[in-house]
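What follows is a set of notes on a single structure, which appears directly below.
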Amino acid sequence: MPTIRWGLVVAAVCLTTAGAWGCEGLRGEDPAAVAEVAAGKRAEARASWWGFDPVESTRALQAAIDSKARKVVVENMGSPWIVDEIRLRGDLEVVFEPGVVVQAKRGAFKATNASLFTATRAKNLTLRGPGATLKMWREDYDDPSRYKKAEWRHVLDFKSCADVRVIGLTLSDSGGDGVYLGVSGGGPNTNILIQDVICERNYRQGISVISARGLTIERCVLRDTAGTSPMAGIDFEPNRAGEEISDCVMRDCVSENNAGVGFAFYLRPLDAASRPVSVRLERCRSVGNRAGLAVNAAGRAGGGTVKGEIVVADCAFSKPDGAGLSVVPNPTDALAIRFERCRIVDANARRPDQAPIQLVNQAGDSAEVGNVAFDDCEVVDPVERRPIGFHDSAGGARLVGVSGVLTVEHAGRRETVKLDQALIDSWFPFQAYRRFPPYPGRKGPFAPVVAAAKDRLACDVRQRARSEWLVWAEAGDEVAMTVVVQPVGESAAVAAISRIEPSGKETKLGAVEGMRDVAFRAEESGAHRLVCDPGSATVAIARINRRVAMYAPERPTFHLLAPVGDLVFFVPAGTEAFAVRVTGEGPGELVKATLLDPAGETVEERDDIEAYQFLVERPVAPEGAVWSLRLARPSQGVLEDVHVELQGLPPVLAASPEALLKPAP
């Protein structure tokens with residue numbers, strides 16, 4: 001008579017009695033087989049040997065993965081494997097049988113970065129499962145009464161891993177991404193294959209690529225992403241200049257019905273010192289996303305722009321709500337972007353004022369932009385308009401290096417358009433704004449404009465992105481302020497703030513979430529710098545007991561949100577010419593602005609500004625003086641993001657002359 005393991009007998013009884021004996025947790029359990037795995041006698045194991053429990057099987061599945069087996073088979077037990085967070089290791093193959101569902105435990109995953117499967121610095125790892133699903137509970141994580149809002153509860157979370165293969169799985173309903181390729185102290189993910197994978201109904205992205213070298217994504221479907229920005233099918237978005245996007249290839253992939261962009265490249269954190277970008281998309285399709293493909297490449301202030309190339313070949317971008325292709329912006333000395341034999345169909349159909357292909361220069365960017373080639377591409381457009389649009393948010397930039405051949409089809413009529421510089425200049429004549437070198441004394445030292453001041457000291461204008469202020473204090477002064485960090489849309493509203501003393505010593509003042517009182521004792525006399533980067537949120541100083549002025553030493557551009565009222569700035573003695581450049585951000589975001597002289601008289605006023613330079617040329621003034629810029633709502637469009645750049649002037653703005661600082665003698 002053959003030997004029968006007692007654990008299997010018990011499991012069989014449990015299955016036939018539907019748990020009436022209270023032994024559901026023993027289904028499939030095989031202690032003898034587990035012992036053989038532990039002794040190194042078996043290289044392949046079945047996860048149920050550690051005991052399948054239809055209520056929760058975290059312990060069993062984690063034990064199987066932690067065992068000495070090189071291959072673990074997760075069987076179809078007829079009901080989902082309900083698990084909490086699972087940690088993966090290297091030198092392992094996990095095979096999910098057809099029909100298997102690994103389901104996140106309901107009510108778990110409370111930590112903001114709790115993912116279903118996580119691998120950190122693992123090597124040689126395979127997850128294989130045609131017909132199997134790894135699933136979370138997206139709608140739960142979006143409920144603020146039950147979960148703290150976050151965007152990092154991923155299905156698969158890989159950090160600094162190597163030789164990873166993900167094949168055939170469906171990854172759905174995460175509180176973050178289907179697949180996240182991040183970093184954890186070990187450099188980029190290297191030699192990664194994602195093949196025949198479906199990422200659907202995820203909260204932030206189908207796939208996020210933070211840092212990867214040698215990434216291949218084949219025959220994957222990325223669909224129905226919605227929840228929190230960017231909501232892309234796939235987003236190549238490094239966080240730091242030391243990360244990389246290199247040797248990445250996507251073939252035969254479909255990105256469809258995502259609330260964000262189908263294929264997104266947000267490369268601004270990279271700079272000229274970063275490893276060059278190299279990405280190739282082949283035979284991919286974008287269908288019905290907010291936009292088809294978008295590249296944002298301009299680098300950090302002072303760091304230059306990353307080099308490299310993005311090649312998009314034989315791809316189609318159909319029926320996006322916005323642009324089919326968008327480049328925002330691409331300095332001519334940066335990436336080479338090439339579209340080969342691509343097709344753009346019915347893009348921006350509901351916006352006749354916006355072309356199917358959009359090239360954009362953002363406010364604060366002054367470099368020439370372009371370096372985009374279209375080789376034998378086709379635009380099918382229901383609207384009679386140019387195939388390419390150029391939105392110069394900075395004002396005064398020229399679009400150069402746009403080349404190739406486009407075939408444009410409209411109402412059955414086809415036209416071949418050869419793109420060269422003469423045609424681009426005729427389409428987009430640019431205003432050559434006067435250029436000003438950076439103000440030589442922009443990094444100080446500074447002194448108050450008004451000798452004694454007790455009132456009108458605060459500056460509660462909301463700033464976005466990296467923001468700085470100058471706070472004037474004498475040694476021994478107790479500085480007290482209220483800092484407010486506010487979300488914009490669904491952006492996070494937490495930001496760290498630090499202080500840099502006149503001597504250069506830096507002190508962390510902690511993080512601000514919402515409204516927080518912040519205080520410090522000045523150890524030195526002079527202008528103390530406050531630095532805060534709220535990202536997409538805004539930061540403002542609502543109350544302070546010392547003078548405070550906004551400060552932009554690196555790029556003299558202030559990124560403000562819906563500013564209304566007067567801001568003052570200092571024009572030093574001997575200044576023959578200066579300018580104030582005011583820009584909105586994106587189509588429809590406009591502003592009204594008025595420049596006033598020291599006597600309060602209007603020098604010039606402009607309404608519905610998209611981009612405009614207020615230029616002042618005058619006889620040499622013997623003394624410095626305070627000028628004003630009045631900002632108001634436009635007659636048309638909306639007042640939202642506004643950029644103010646002081647050209648040829650100290651980069652300091654304040655709400656009143658009493659709070660304003662000027663270069664010290």
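Just so it is clear, the values below take in all heavy atoms, side chains as well, and ignore hydrogens, waters and symmetry mates. Since the model is a prediction, treat every value here as computed from it, not as a measurement.
In this structure, CD1 on Ile357 lies 5.0 Å from CD1 on Ile388, to the nearest 0.5 angstrom. Rounding to the nearest 0.5 Å gives a distance of 5.5 Å between CZ of Phe558 and CG of Leu646. Note that the CG atom of Leu530 and the CD atom of Glu468 stand 9.0 Å from one another [nearest 0.5 Å]. The distance from atom CD of Glu645 to atom NE2 of His559, rounded to the nearest 0.5 Å, is 13.5 Å. How far CZ of Arg462 is from CG of Asp460: 10.5 Å, rounded to the nearest 0.5 Å. Separation of atoms OG (Ser208) and CD (Glu237) is listed at 7.0 Å; rounding is to 0.5 Å.
Arg630 has a carboxylate O that lies under 4.0 Å from a charged side-chain N of Asp566, or vice versa, which qualifies the two as a salt bridge. Between Asp321 and Arg351, no side-chain nitrogen of the basic residue sits less than 4.0 Å from a carboxylate oxygen of the acidic one, so the salt-bridge criterion is not met. The residues Arg543 and Asp517 are annotated as salt-bridged, a charged nitrogen and a carboxylate oxygen being separated by less than 4.0 angstrom.
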Inset, instruction - Give the intermediate values and the outcome of side chain to side chain contact (heavy atoms under 4.5 Å, CB included) for residues Glu640 and Leu561. - result: CA-CA 5 Å; Glu640 194 167 328; Leu561 185 69; 3.8 Å; yes
Inset, instruction - Decide salt bridge (Lys or Arg N to Asp or Glu O under 4.0 Å) for Lys505 and Glu523; before the verdict, give the C-alpha distance in whole Å, the side-chain angles of both, and the deciding distance to 0.1 Å. - result: CA-CA 10 Å; Lys505 178 184 176 182; Glu523 299 175 8; 3.7 Å; yes
Legend entry - Step-by-step side chain to side chain contact (heavy atoms under 4.5 Å, CB included) determination, Ile541 to Cys459: CA-CA 6 Å; Ile541 296 178; Cys459 185; 5.9 Å; no
Inset, instruction - Evaluate side chain to side chain contact (heavy atoms under 4.5 Å, CB included) for Leu470 paired with Arg529, printing each intermediate quantity in order. - result: CA-CA 5 Å; Leu470 295 176; Arg529 289 170 59 191; 3.6 Å; yes
Inset, instruction - Report the C-alpha separation of Glu554 and Lys443 in whole Å, then their side-chain angles, then the decisive distance to 0.1 Å, and conclude whether the salt bridge (Lys or Arg N to Asp or Glu O under 4.0 Å) test is met. - result: CA-CA 9 Å; Glu554 300 301 329; Lys443 296 190 177 181; 3.6 Å; yes
Inset, instruction - Evaluate the criterion side chain to side chain contact (heavy atoms under 4.5 Å, CB included) for residue pair Leu509 and Val483; output intermediate values, then yes/no. - result: CA-CA 11 Å; Leu509 298 179; Val483 180; over 6 Å; no
Inset, instruction - Show your working on salt bridge (Lys or Arg N to Asp or Glu O under 4.0 Å) between Asp353 and Arg385 and close with a plain yes or no. - result: CA-CA 8 Å; Asp353 59 324; Arg385 56 189 168 183; over 6 Å; no
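Nearest approach of Leu267 to Pro238, heavy atoms of both residues: CD2-CD, 4.0 Å. The two atoms that bring Pro534 and Val539 nearest to each other are CG-CG1, 3.8 Å, heavy atoms only. When every heavy atom of Met231 is checked against every heavy atom of Thr228, the shortest pair comes out as CG-O, 2.9 Å. What you find for Gly370 and Leu399 is that their closest heavy atoms are CA-CD1, 4.0 Å. The minimum heavy-atom distance linking Leu590 with Pro634 is given by the pair O-CG, 3.6 Å. Nearest heavy-atom pair across Leu653 and Leu660 is C-CD1, 4.4 Å.
Using a distance-only test at 3.5 Å, with no hydrogens or angles considered, a donor-acceptor pair links the side chain of Ser211 to the main chain of Glu244. Between the Asn330 side chain and the Leu335 main chain, a donor and an acceptor come within less than 3.5 Å of each other. Looking only at distances, a side-chain donor or acceptor of Arg547 sits under 3.5 Å from a matching main-chain atom of Glu658. Side-chain atoms of Ser403 do not come within 3.5 Å of backbone N or O of Ala373 as any donor-acceptor pair. A side-chain donor-acceptor contact under 3.5 Å links Asn348 to the backbone of Ala355. A donor-acceptor distance shorter than 3.5 angstrom exists from the side chain of Ser274 to the backbone of Ala241, with no hydrogens or angles considered. Side-chain N or O atoms of Glu243 include none that pairs as donor or acceptor with a backbone N or O of Val183 at under 3.5 Å. Of the possible donor and acceptor atoms, none in the side chain of Gln613 sits under 3.5 Å from a partner among the backbone N and O of Ala579. Judged purely by atom type and a 3.5 angstrom limit, Tyr551 uses its side chain to pair as donor or acceptor with the backbone of Arg442. Within the 3.5 Å criterion, the main-chain N or O of Asp641 finds no donor-acceptor partner in the side chain of Arg464.
Residues forming a side chain to side chain donor-acceptor pair (under 3.5 Å) with Glu576 (at least two apart in sequence, or on another chain): none. Qualifying side chain to side chain donor-acceptor pair (under 3.5 Å) partners for Ser498, counting only residues two or more places apart in sequence or in other chains: Glu506. Under the rule for a side chain to side chain donor-acceptor pair (under 3.5 Å), Asp608 has no partner lying at least two apart in sequence or in another chain.
Annotation: Arg618, atom CZ; neighbour count of heavy atoms from other residues, nucleotides and ligands within 6.0 Å is above 12.
Classification of the Phe569-Trp627 ring pair by plane angle, with boundaries at 30° and 60°, yields parallel.
For the pair Val568 and Ser628, the minimum side-chain heavy-atom distance is below 4.5 Å. Inter-residue side-chain proximity for Val400 and Gln421 is flagged as met; some heavy-atom pair is nearer than 4.5 Å. Counting heavy atoms from C-beta outward, Pro269 and Arg240 have side chains that stay 4.5 Å or more apart. Contact annotation: the side chain of Ile344 never approaches that of Phe339 to less than 4.5 Å [non-hydrogen atoms, C-beta and beyond]. With contacts defined as side-chain heavy-atom distances shorter than 4.5 Å, the pair Val372/Val295 does not qualify. Residues Phe428 and Arg386 are in side-chain contact: their nearest non-hydrogen atoms beyond the backbone lie under 4.5 Å apart. Between Pro445 and Pro502, every side-chain heavy-atom pair lies at or beyond the 4.5 Å cut-off. Side-chain atoms of Arg398 and Phe390, non-hydrogen and from C-beta on, never get closer than 4.5 Å to each other.
For the residue pair Glu610 / His391, a side-chain donor-acceptor distance below 3.5 Å is found, with atom types taken as modelled. Side-chain contact of Asp235 with Gln205: a donor-acceptor pair under 3.5 Å is present, judged by distance alone.
Proximity of the aromatic rings of Phe614 and Tyr612 is defined here by a centroid distance below 6.0 angstrom, and this criterion is met.
A side chain to side chain contact (heavy atoms under 4.5 Å, CB included) with Val402 is found for one member of Ile424, Leu423, Val327 and no other, namely Ile424.
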